[in-house]
Participant: 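Next up is a structure, given as structure tokens.
Numbers restart at 1 for each chain; the letters A, B, ... are given by sequence-line order, proteins then strands.
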Protein chains: 2
Amino acid sequence: MTVRQDVHSAGIPVLCQSCEARHRGVCGALDPDQLVALSKTSSRYTIEPGAELIGDAETVNSYSNVLSGVVKLTKGLSDGRQQIVGLQFAPDFLGRPFKVESEINAEAATAVSLCSFPKASIERMMRESPELEHRLLKQTLKELDEAREWMVTLGRKTASEKVASFLLMIARNIDPATDPATNSTSFDLPLTRADIADFLGLTIETVSRQLTRMRTEGVIRIENNRHVTVESLSRLERRSGA
Amino acid sequence: MTVRQDVHSAGIPVLCQSCEARHRGVCGALDPDQLVALSKTSSRYTIEPGAELIGDAETVNSYSNVLSGVVKLTKGLSDGRQQIVGLQFAPDFLGRPFKVESEINAEAATAVSLCSFPKASIERMMRESPELEHRLLKQTLKELDEAREWMVTLGRKTASEKVASFLLMIARNIDPATDPATNSTSFDLPLTRADIADFLGLTIETVSRQLTRMRTEGVIRIENNRHVTVESLSRLERRSGA
DNA sequence: CGAACTTTTGATCGCAGTCAAGATACGTGG
DNA sequence: CCACGTATCTTGACTGCGATCAAAAGTTCG
């Protein structure tokens, strides 16, 4: 990749120049000076699938941007039942401001790369830049909308509607260019069947049965368990309840 | 109630002086001058139970503080199934910034009184006062936490755990002084059985049966359908899954 | 006191959960 | 490259929780 040197990237840290978080993420709120200051304390990590990013009730002392991969946010009941309460894709901001403790677990669902900052850096920058806080508010509102959308799915949809809704959501996130007119997409599921079950409030077996049913009915194709081709987005949409 | 005239209330609009929203709500972010400016465009309303505040896909052109009563936020599926995705108590802020359309219905669950502002006033004030936006971010984060907590309830709890969780949540909101040690509280349910069902992703009948069971088992008492006395908060907590 | 509504209770049904094998994909070392 | 072991996923048989349908009891108005 060539490093652009036009007026817009002048003075911007090299690492940030091609970073999606600068375009669509929270870093877009910062001017070159602020980016330089922040990037001095930032570092990039790559994380293996299954690795825990934030433990339940652990002290949070850093925030991150998701650069690639999918992070799942989970909450658990004392007897081991689990529920995924959110999925974060690039270039989402990861971390819960203004709280020392998080009651949420964050875990890499796929391989994940992060750009990570000390808690203090971000919080200082937030005090200096109202625009940064504004972006954070917008992301939080987006997450709230998504959470409420899933509450409808969890509370009122049938198993097959849940699975259809899930596939639709993944299709739209993995390939944001998903044109409803195109009517066909293909992607790798970022989640195992167990994760999908924890996301939809179902069991592994029910998820598997529903996927099999959609396959035999020609709505989707599945290769190697993970790779899904949606043959008809409109049929999928019709099955999602909505 | 006597009107305080000390240094802190000097220059504050009369209506705001004893207003909860100024203490615990978003108006706490504003200085006296800003309060005066905002209060010029504000007006108070009282709304009957069942009245709709924001219609689905309607244009939103005002924001409000909830001064008393309970507002339910609902989302519906095309075939009529409904899910309550949030409850707002005083002094919550009501309205979805930065969006022209709301995909959510807001409806008075009980009698509700509101302090309401034109959309433009709030948005102008938000541009002038980062502190206001900060409060809004904090409330939004609180709502996100609550939504995620309910996702666990909806996705992974049994009917009886759901009802116990609901009673616990109401007890804590109606009477914030609910001391877990006291082990006993009493309140009026702000929701009908139908609303409770829509909140918990259950049917009316299941909600009723679970309440009956808790009553016969001595965990709660019920008078006139609406008034509930929790005999043992700790027993209720144990039944809520958590 | 009577009408309309809300809640409770009862009987039955069906969807998704549970328990149990089998099948398929994947990594590892021979 | 293949045999093996482990993970993950699928399929089958059965169960049970909560939904559905129906009716009775209680509550709140006028």
Participant: Quick one: Ile204(A) CD1 to dT8(D) P, roughly how many Å, whole number?
Facilitator: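 After rounding, the gap between these two atoms is 9 Å.
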Participant: Hey, what's the ring geometry for Tyr63(A) with Phe93(A), parallel, tilted or perpendicular (30° and 60° as the breaks)?
Facilitator: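 If you compare the ring of Tyr63(A) with that of Phe93(A), the planes turn out tilted.
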Participant: Which angle, rounded to 10°, do you find between the first-five-pair axis and the last-five-pair axis of the helix from dC1(C)-dG30(D) to dA23(C)-dT8(D)?
Facilitator: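 The helix from dC1(C)-dG30(D) to dA23(C)-dT8(D) shows an end-to-end axis angle of 50°.
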Participant: For the side chain of Arg193(A), starting at C-beta, report the closest nucleotide among dT9(C), dT10(D), dT28(D).
Facilitator: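 The closest nucleotide is dT10(D).
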Participant: What integer distance in Å separates Arg226(B):CZ from dT8(C):C1'?
Facilitator: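 Interatomic distance, CZ of Arg226(B) to C1' of dT8(C): 16 Å.
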Participant: Counting only N and O atoms by type, is there a donor-acceptor contact under 3.5 Å from the side chain of Arg226(A) to the main-chain atoms of Leu189(A)?
Facilitator: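 Yes, because the side chain of Arg226(A) sits within donor-acceptor range (under 3.5 Å) of the backbone of Leu189(A).
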Participant: Round to the nearest Å and state the distance from Glu223(A) atom CD to dC26(C) atom C1'.
Facilitator: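 Result: 17 Å.
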Participant: Under the 3.5 angstrom rule, does the side chain of Arg156(A) hit a backbone N or O of Arg81(B) as a donor-acceptor pair?
Facilitator: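 Absent.
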Participant: Roughly, in whole Å, what's the span from CD1 in Ile222(B) to C1' in dG26(D)?
Facilitator: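 In whole Å, dG26(D) C1' lies 13 Å from Ile222(B) CD1.
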Participant: Across the strands shown, which category fits Ser208(B) at heavy-atom distances under 4.0 angstrom: base, sugar-phosphate, nothing?
Facilitator: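 The answer is base, as Ser208(B) lies within the cut-off (heavy atoms under 4.0 Å) of a base atom.
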Participant: Using whole Å, what does the distance between atom P of nucleotide dT8(D) and atom CG of Leu211(A) come to?
Facilitator: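 So the two atoms are 17 Å apart, to the nearest Å.
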Participant: Is any side-chain N or O of Arg209(B) under 3.5 Å from a base N or O of dT20(D), one able to act as donor and the other as acceptor?
Facilitator: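 For Arg209(B), whose side chain was compared with the base of dT20(D), there is a donor-acceptor pair (under 3.5 Å).
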Participant: Please give, in whole Å, the distance from dA25(C) P to Leu189(A) CG?
Facilitator: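 Distance, rounded to whole Å: 15 Å.
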Participant: Enumerate all atom pairs, one protein N or O and one N or O from nucleotides 16-18 of chain D, separated by less than 3.5 Å.
Facilitator:
{"unit_1": "dG18(D)", "atom_1": "OP1", "unit_2": "Ala159(B)", "atom_2": "N", "d": "2.8"}

Participant: Checking the side chain of Ser184(A) only, and the main-chain atoms of Ser232(A) only, is there a donor and an acceptor separated by less than 3.5 Å?
Facilitator: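 Judged by distance alone, no pair lies under 3.5 Å.
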Participant: Distance check needed: dT8(C) P versus Arg215(B) CZ, whole Å only.
Facilitator: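 These atoms are roughly 7 Å apart.
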Participant: Has the side chain of Glu231(A) got a donor or acceptor atom that lies under 3.5 Å from a matching backbone atom of Gly218(A)?
Facilitator: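 No, Glu231(A) side chain to Gly218(A) backbone: no donor-acceptor pair under 3.5 Å.
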Participant: Counting N and O atoms only, with roles assigned by atom type, does the side chain of Lys162(A) sit under 3.5 Å from a partner on the main chain of Leu200(A), one being a donor and the other an acceptor?
Facilitator: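 A pair under 3.5 Å: yes.
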Participant: For a quick test of reading the model, state the closest non-hydrogen atom pair linking Cys19(B) to Leu67(B) and the distance between them.
Facilitator: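 Heavy atoms only, the tightest pair is SG-CD2, 3.7 Å.
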Participant: Starting at the 5' end of DNA chain C and moving along, which residue's nearest nucleotide shows up first, Asn224(A) or Glu205(B)?
Facilitator: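 By nearest-heavy-atom nucleotide position, the 5'-most residue is Glu205(B).
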Participant: Any donor-acceptor pair under 3.5 Å linking the side chain of Asp198(B) with the backbone of Gln83(B)?
Facilitator: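 Side chain of Asp198(B) to backbone of Gln83(B): no pair is present.
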Participant: Identify whether the glycosidic angle of dA25(C) places it syn (within 90° of 0) or anti.
Facilitator: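 What dA25(C) shows is an anti base, its glycosidic angle lying more than 90° from 0.
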Participant: As an exercise, state the distance from CG of Leu15(B) to OG of Ser42(B), rounded to the nearest 0.5 Å.
Facilitator: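 Separation between the atoms: 6.5 Å.
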Participant: Would you mind reading off the distance between Asp198(A) atom CG and dC9(D) atom P, rounded to a whole angstrom?
Facilitator: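 Going from Asp198(A) (CG) to dC9(D) (P), I get 12 Å.
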